[in-house]
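Below is one structure, written out as structure tokens, with a few remarks after it.
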Amino acid sequence: MKEIILPNAHFSYRDGSLYCEEVSLVELANRYGTPLYVYSKASLLEAFGRFQVALGNYPHIICYAVKANSNIALLQLLARCDCGFDVVSGGELLRVHKAGGDMNKVTFSGVGKTEEEMRLALSLGIRSFNIESKPEMKRLARVAASLRMVAPISIRINPDVDAHTHPYISTGLKQNKFGVDPATAISLYREASQAPWLNPVGIDCHIGSQLTDPAPYYESCDKVLNLLDLLRVDGIELSHIDFGGGIGVRYRDEQTIDLNELVDTLHQKLRARGYENLEMIFEPGRSLIAAAGALLTRIQYIKHTPNKSFLIADASMAEMIRPALYEAWMPILPVEIHEDLPEHVYDIVGPVCESSDWLGKQRALRVKNDDLLVMTMAGAYGMSMASRYNSRLLSAEILVDGFQTHMIRSRDRYENLWENESLLSKIDEPDS
Ligand SMILES: *Cc1c(COP(=O)(O)O)cnc(C)c1O
């Protein structure tokens with residue numbers, strides 16, 4: 001039998017049947033139905049622990065990137081560990097608030113913050129607005145003045161480095177919409193340092209996602225430090241440097257970044273230029289939550305065509321869009337191992353009416369109808385990107401903690417599909 005690679009020790013086969021911690025996935029599927037997202041609490045806490053260890057005694061904040069998975073119970077687990085959060089919308093900010101997150105450890109990223117979102121973040125007292133353009137900074141200054149509150153800001157630098165990742169998840173190239181070029185950043189810092197309602201507290205960059213090589217971090221760190229030198233000449237001193245997120249995970253056979261080496265090398269760079277007292281901020285999303293999550297799905301049909309065989313599963317691009325969106329390769333495993341069945345090569349697809357609705361291609365599996373499959377490494381950018389396309393019901397989510405399970409999101413009911421919609425009372429009468 002081929003070696004089956006599991007994300008970590010929190011997912012294991014016992015007598016040929018897959019468990020998450022001490023709970024059988026077969027039992028979870030029978031109890032809660034499929035498609036179903038299942039998360040291992042221990043896996044999440046372990047990933048967070050690795051960051052804490054790597055950052056050790058350096059002054060730091062770990063700001064979990066909420067967009068990777070925004071379930072409030074998962075946020076709550078992280079908040080209890082004193083984790084901070086990076087948000088990109090008012091909705092994410094309120095989720096963090098709801099989950100008991102420390103507002104003083106929240107950074108607010110994103111190129112399109114609205115006035116309403118700015119007011120909300122100011123009133124909640126976040127750590128920093130990550131500013132992505134001059135008009136955004138001007139708007140924030142106006143909003144802060146109107147509330148008579150000082151807005152702490154960090155300018156997001158676009159360092160123009162190639163993160164060597166998929167173009168859709170690359171953000172630090174000069175053709176991307178993110179951040180500002182170094183020359184513009186200098187002028188923004190000068191302006192902000194004179195503005196009564198803005199307080200420059202940090203500098204940040206985020207160059208992309210699923211990076212497997214640390215070199216682009218080092219390159220962008222050097223560029224940011226050059227900028228800090230120029231700011232120092234102007235008498236502008238900051239208190240934090242934010243390296244963003246983007247640390248890659250192992251979906252298939254990727255050799256990814258060694259966190260200890262990454263953090264130590266970056267801190268060495270800070271030390272070499274006299275910035276060792278700056279608080280280091282990281283905004284990891286994927287690397288904290290990807291391995292903790294699994295998507296359970298049941299095979300509905302096995303369809304043989306002259307060219308190909310398909311496994312038609314009850315999960316689709318609506319539950320997990322990464323394959324459709326980035327042609328991402330995700331691990332797909334049988335929940336129960338049947339050594340006696342013949343091995344076939346299948347494309348694993350969902351019921352959605354799109355040819356891009358696939359979960360995996362050309363996978364050799366020993367399965368039969370009604371079997372359960374599991375997509376591992378599905379905790380990041382799975383549920384948070386889920387949609388109701390084709391009027392599908394959003395999945396339930398289960399958190400496993402040892403022998404215990406908690407339903408942290410119930411499955412949509414059909415009424416949820418149209419609860420915010422209304423029928424016209426009289427077809428020819430518009431709202432007055
Ligand atoms: C998406 C994003 C992150 C998280 O990226 P991961 O690859 O999930 O670690 C962090 N910071 C910003 C600004 C982002 O847009």
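First listed ligand is number 1; within each ligand, the first listed atom is number 1. Count residues from 1 along the sequence.
Heavy-atom separations between Y381 and ligand 1 include at least one value shorter than 4.0 Å. Using 4.0 Å as the threshold, A380 has no heavy atom nearer than that to any atom of ligand 1. Residue contacts with ligand 1 include G246, since one or more of its heavy atoms lies under 4.0 Å from the ligand.
Classified by interplanar angle (parallel below 30°, tilted 30° to 60°, perpendicular above 60°), the ring pair H267/Y58 is parallel.
For ligand 1, the polar-atom distance check against S209 finds a nitrogen or oxygen pair separated by under 3.5 Å. Residue G285 has at least one N or O atom closer than 3.5 Å to an N or O atom of ligand 1.
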- Message: Show, in sequence, the C-alpha distance, side-chain angles and deciding distance for R156 and E136, and conclude whether the salt bridge (Lys or Arg N to Asp or Glu O under 4.0 Å) test is met.
- Response: CA-CA 12 Å; R156 175 167 175 181; E136 184 196 356; over 6 Å; no
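Using a distance-only test at 3.5 Å, with no hydrogens or angles considered, a donor-acceptor pair links the side chain of D357 to the main chain of V352. When atom types are taken as modelled, the side chain of E283 and the backbone of C63 share no donor-acceptor pair closer than 3.5 angstrom.
Checked options I247, V161, T265; the residue passing with Y217 is I247 (criterion: side-chain contact (heavy atoms from CB on, under 4.5 Å)).
Here R142 pairs with E115 in a salt bridge; the nearest charged N to carboxylate O distance falls below 4.0 Å. The residues K113 and E132 are annotated as not salt-bridged, no charged nitrogen and carboxylate oxygen being separated by less than 4.0 angstrom.
Residues R273 and N226 have side chains that bring a donor and an acceptor to within less than 3.5 angstrom of each other.
Within a 6.0 Å sphere centred on CZ of R14, heavy atoms belonging to other residues, nucleotides or ligands number more than 12.
Every atom of ligand 1 with a heavy atom of E283 under 4.0 Å away is listed here by number and element: 3 (C), 4 (C), 9 (O), 10 (C), 11 (N), 12 (C), 13 (C). Numbered from 1 in the order shown, with element, the atoms of ligand 1 that lie under 4.0 Å from a heavy atom of R156 read 13 (C). Atoms of ligand 1 lying under 4.0 Å from any heavy atom of R286, numbered from 1 in the order shown and given with element: 6 (P), 8 (O), 9 (O). Residue-ligand proximity, A65 to ligand 1, at heavy-atom distances under 4.0 Å covers atoms 3 (C), 4 (C), 10 (C). For ligand 1, the atoms lying closer than 4.0 Å to a non-hydrogen atom of P284 are 9 (O). Those atoms of ligand 1 with a heavy atom of S109 less than 4.0 angstrom away are 13 (C).
In D86, the part holding a heavy atom less than 4.0 Å from any atom of ligand 1 is the side chain. Counting heavy atoms closer than 4.0 Å to ligand 1, residue H206 contributes side-chain atoms (C-beta onward) but none from N, CA, C or O.
In this structure, atom 15 (O) of ligand 1 lies nearest to the protein heavy atom K67 NZ, 2.7 Å.
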